Amino acid sequence: MTFAITQTTKAIGAEVTGIGPDGLIDDDSIVATISDALESRGVLIFRGLDLEPETQVAFCQRFGGLDYSEGHHPVPGIYRVTRDATKSSAAEYMKGTFHWHIDGCTPLHGEPPQKATVLSARAVADSGGDTEFASTYAAYEALTEDEKEQFASLRVLHSLEASQRLVYPDPTPEQVKGWRARPTSVHPLVWTHRSGRKSLLLSAHADHIVGMDANESRALLDELMDRATKHDLVYRHQWSVGDTVIWDNTGVMHRASPYPAGSPREMLRTTIFGNEPIQ
Ligand code: SIN
């Protein structure tokens, strides 16, 4: 089978075929092609790749520095995504992945958002557990010319609290205190990337538009989220064991569809640090 990259939907996604784990690491021209396709398609799908965790780490190292923080997994660089508390002490926090998000929009020390993320399926859920990806470039492109002009100067405050309130609508004072300990960040609504492309920076962590009436701001952010996550701008991956997906975190929002606590679903995640500030 020859190496091929085939578009999945018009707005986002491509399937990569005809490549095995070795080619992902050893072949410079394939890595370069994958890197270009990631930038243009946002999400790349490798069905049945059956990557070993060490190979997944080696593949990701081709794209930049990796996050090696505690991942509840023996292989450094791998983070185990699971709602099974016997496998990870962070299982409870995975409920946060059920809401649209872009990793790294509320950094601790102003670091740029992560460049890309890889997930590989070790076990799948009996119900739920798909992952959805929405192109924030396509969301910007779908705006009218008037809206593009109107939104060019808007700035949005992003907070951990905004996203966590969707998960825990009735929080304890201690929870609120914990969320507020994380710095908030103000970003432009329209991210002008180094490439010149523009994307809409939205998600569950977008709390309010700075300087706008609270109700008006919430209504506008909700409307933009509805439009940005319409069926035709989204790729939904239904996992089989052995699948691997990589996405460009700077131009894609993602979320998992809910699956139960204790589910056998287990994904191995690798995160590549970013080097492009939001501006
Ligand atoms: C994540 O948000 O990093 C995980 C998404 C998933 O489990 O599908």
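Values in this document were obtained by computation on a predicted structure and should not be read as measured data. For ligands, and for the atoms within them, numbers begin at 1 and follow the listed sequence.
- When every heavy atom of Asp67 is checked against every heavy atom of Phe273, the shortest pair comes out as CA-CZ, 3.5 Å.
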Could you pull out all donor-acceptor pairs under 3.5 Å where a side-chain atom in residues 203-211 meets a protein atom, sequence neighbours excluded?
residue: His205; atom: ND1; partner: His158; partner atom: ND1; Å: 3.0
residue: His205; atom: NE2; partner: Ile102; partner atom: N; Å: 3.0
residue: His205; atom: NE2; partner: Ile102; partner atom: O; Å: 3.3

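- In this structure, Lys148 places its NZ atom where more than 12 heavy-atom neighbours from other residues, nucleotides or ligands lie under 6.0 Å away.
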- Give the C-alpha distance, both sets of side-chain angles, the deciding distance and a yes or no for side-chain contact (heavy atoms from CB on, under 4.5 Å) between Phe98 and Val167. CA-CA 8 Å; Phe98 298 168; Val167 185; over 6 Å; no
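- Between Phe46 and Phe59, the ring-plane angle classifies as perpendicular under the 30° and 60° cut-offs.
- Using modelled atom types, one side-chain atom of Glu276 and one backbone atom of Arg194 make a donor-acceptor pair closer than 3.5 Å.
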Are there any protein N or O atoms under 3.5 Å from the N or O atoms of ligand 1? List them with distances, or say none.
residue: ligand 1; atom: 2 (O); partner: His101; partner atom: NE2; Å: 2.9
residue: ligand 1; atom: 2 (O); partner: His254; partner atom: NE2; Å: 3.1
residue: ligand 1; atom: 3 (O); partner: Arg269; partner atom: NH1; Å: 2.7
residue: ligand 1; atom: 7 (O); partner: Arg265; partner atom: NH1; Å: 2.9
residue: ligand 1; atom: 7 (O); partner: Arg265; partner atom: NH2; Å: 3.4
residue: ligand 1; atom: 8 (O); partner: Thr131; partner atom: OG1; Å: 2.6
residue: ligand 1; atom: 8 (O); partner: Arg265; partner atom: NH2; Å: 2.8

